[in-house]
Protein chains: 2
Amino acid sequence: MAMDAPLPVETEDHEPPEAELIRKLMDYLTAEKMRPGMRLPAERQLAEKLGVGRAALRHVLKSLSLLGVLEMKPSAGTFVRNGTTDLLPRVLEWGVFLSPSRAEAVVEARRTLEVELAGLAAERRTGLDIGRLQHLIDQMSRKDNTASEYVDWDVQFHLAIADAARNEVLAGVLRSLQSMLSVWATRVIVSAGETETSLAMHTPILHAIIDGDAESARVAMRAHMDRATRRLYATIAADSIESFSQKTT
Amino acid sequence: MAMDAPLPVETEDHEPPEAELIRKLMDYLTAEKMRPGMRLPAERQLAEKLGVGRAALRHVLKSLSLLGVLEMKPSAGTFVRNGTTDLLPRVLEWGVFLSPSRAEAVVEARRTLEVELAGLAAERRTGLDIGRLQHLIDQMSRKDNTASEYVDWDVQFHLAIADAARNEVLAGVLRSLQSMLSVWATRVIVSAGETETSLAMHTPILHAIIDGDAESARVAMRAHMDRATRRLYATIAADSIESFSQKTT
DNA sequence: TTACAGAAATTGGTTATCCAATTTTGAGTT
DNA sequence: AACTCAAAATTGGATAACCAATTTCTGTAA
């Protein structure tokens with residue numbers, strides 16, 4: 001049959017048409033020098049300006065607002081936002097769930113970032129940072145903590161270190177990884193009654209940061225991460241991964 | 001006036017209703033033991049089953065498909081996909097680019113990741129990885145390269161290292177940082193005729209990776225990054241930072 | 001029995017219309 | 001001139017009808 005081929009308009013049809021729209025939108029935002037808090041044009045106007053249907057535009061706006069780039073207020077308008085929603089990591093959980101091999105990558109990535117951030121924090125921490133970290137350690141030391149309360153303080157401690165490192169990019173990535181692992185992190189502490197050991201490993205980190213000793217901070221954090229990683233894998237091995245639909249909030 | 005307060009149902013009303021829907025959807029997928037490649041129910045049925053409008057469901061499905069969790073084929077159905085999309089790093093990009101003050105953070109983050117990935121690559125590289133890296137170095141060595149061709153090979157070299165490190169998460173983050181800085185990277189090479197020096201700093205990295213010497217790989221990469229960072233800042237200082245809307249594809 | 005057209009049903013995609021709520025406007029009053 | 005308050009315009013949100021393309025079913029011819 002010699003009917004001519006259907007004209008390969010593109011080798012990769014996996015290029016979603018939405019991606020192009022997103023590009024247009026982002027170009028528009030940059031061109032208009034939109035800053036966080038500013039309102040962007042009404043959907044109808046914007047749709048016409050970009051040459052697309054309102055529904056398509058709507059999908060993109062929704063997606064971006066779910067990711068924390070925009071915020072859509074009913075009857076008010078759509079605004080630029082610089083924050084990051086925890087929905088992105090939430091979605092990543094699904095990806096991690098699907099491919100357990102990636103879970104290892106997440107754990108390792110977190111370990112790497114934590115270590116480097118601890119080092120940076122030791123070099124750059126201010127008095128305010130030290131106070132904050134000390135306070136969090138104090139909270140972790142309380143005897144009447146429930147397991148989940150302890151985990152909360154623990155997470156905040158690590159995020160505070162990330163903040164003290166003065167690198168929003170690395171801190172942001174860590175935040176995402178953190179929330180991805182939070183589900184399992186809770187199990188580790190809960191299942192092992194690990195709070196004392198965990199606490200004992202945090203104080204050297206704090207002291208190294210206070211001393212401004214970057215290398216010690218890295219070493220201490222590395223030790224902490226190695227142990228936490230081992231406990232994590234042990235816990236994962238114990239339960240097989242099945243129930244994945246519970247939640248924080 | 002003693003009318004009682006409007007009952008603070010929630011301190012944070014910024015909880016988008018879509019988040020709840022995503023949760024429901026995820027729960028459904030896990031409950032039905034959906035695996036990549038499987039088709040999920042038609043939009044209309046699914047919408048009714050979840051008790052939401054089709055539009056709302058549609059937004060969520062679109063968002064998830066943009067993130068690579070799902071794939072929507074017109075007239076065929078929506079399918080589960082093992083979530084890998086370059087839009088994930090793209091998101092990180094958006095979050096970062098809104099505040100150009102984060103440029104330094106991006107540079108530093110890249111430096112950190114490159115160093116660690118080089119170390120991991122030295123530990124995990126296969127023969128195939130070595131061959132690829134060697135090939136890329138050979139390409140970079142060609143005398144008839146244009147500046148932009150050289151930069152392309154350079155970028156590929158670094159990404160190949162990231163691949164050899166066997167950590168999709170760190171590699172993905174690096175990729176997004178890379179594309180953010182690619183514009184300036186070109187300028188550095190072009191403006192300085194830096195190819196010889198650049199090449200001279202790449203070979204020690206390759207050799208350390210071939211030898212499986214993680215620490216040497218880190219040191220070599222760190223030296224390379226430090227120099228590149230200095231040249232980058234010099235270039236940035238020359239031009240002021242203004243245009244930030246470019247793109248890779 | 002098998003192969004193959006063609007019709008019917010089902011799919012995601014698009015558009016148009018309406019809705020509720022907020023914001024803005026402006027006349028009227030103090 | 002300043003303030004009130006209601007009406008009108010504008011906003012995002014939701015729904016229903018429609019469209020094009022694919023898939024599936026079915027009946028007929030080989």
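This is a predicted model, so every value here is computed, not measured. Every chain is numbered from 1, with letters handed out A, B, ... down the list of sequences.
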**Report entry** Distance in Å, K62(A) NZ paired with L57(A) CG, rounded so as to fall on 0.5 Å steps
**Finding:** 13.0 Å

Requested in this report: Taking the side chain as every heavy atom from C-beta outward, state whether Y28(A) and K49(A) have any pair of such atoms under 4.5 Å apart.
Outcome: yes

Requested in this report: Applying side-chain hydrogen bond (donor to acceptor under 3.5 Å, both in side chains), name anything that partners R125(B), two or more places apart in sequence or on another chain.
Outcome: none

Report summary line: When rounded to whole Å, the CG to P distance for the pair L46(A) and dG12(D) reads 9 Å

Protein-nucleotides 19-23 of chain D N/O pairs closer than 3.5 Å?
from: dA21(D); atom 1: N3; to: S75(B); atom 2: OG; distance (Å): 3.1

Query - Between CG on residue D152(B) and CD on residue Q156(B), distance to nearest 0.5 Å - result: 7.0 Å

Query raised in the report: Could you give the CG-to-C1' distance, from L40(B) to dT10(C), as a whole number of Å?
Result: 15 Å

Report task. Please check the phosphate of dT10(D) (OP1 and OP2 only) for any side-chain N or O of Q45(A) closer than 4.0 Å. Result -> no

Requested in this report: Measure the distance from CE on M72(A) to P on dG12(D) and round it to the nearest whole Å.
Outcome: 7 Å

**Report entry** Protein-nucleotide distance (E43(A), atom CD; dG12(D), atom C1'), rounded to Å
**Finding:** 5 Å

**Report entry** Nearest-0.5 Å distance that lies between atom CE in M225(A) and atom CG in L113(A)
**Finding:** 10.5 Å

**Report entry** Between dT22(C) (P) and F79(A) (CZ): distance, integer Å
**Finding:** 13 Å

Query raised in the report: So, are D27(B) and K24(B) salt-bridged, with charged N and O less than 4.0 Å apart?
Result: no

Query raised in the report: Going from CZ on R39(A) to CD on E71(A), what distance comes out if it is rounded to the nearest 0.5 angstrom?
Result: 13.5 Å

Query raised in the report: Does E108(A) come within less than 4.0 Å of R124(B), counting only side-chain N to carboxylate O?
Result: yes

Query - d(CG, L21(B); C1', dG13(D)) in whole Å - result: 14 Å

Query raised in the report: Would you say the side-chain atoms of N145(B) pair up with the backbone N or O of Q139(B), donor to acceptor, closer than 3.5 Å?
Result: yes

Query raised in the report: So, is T78(B) near the phosphate of dT11(C), with a side-chain N or O under 4.0 Å from OP1 or OP2?
Result: no

**Report entry** Residues touching DNA chain C, which here means a heavy atom under 4.0 Å, drawn from residues 47-63 of chain A
**Finding:** G53(A), R54(A), A55(A)

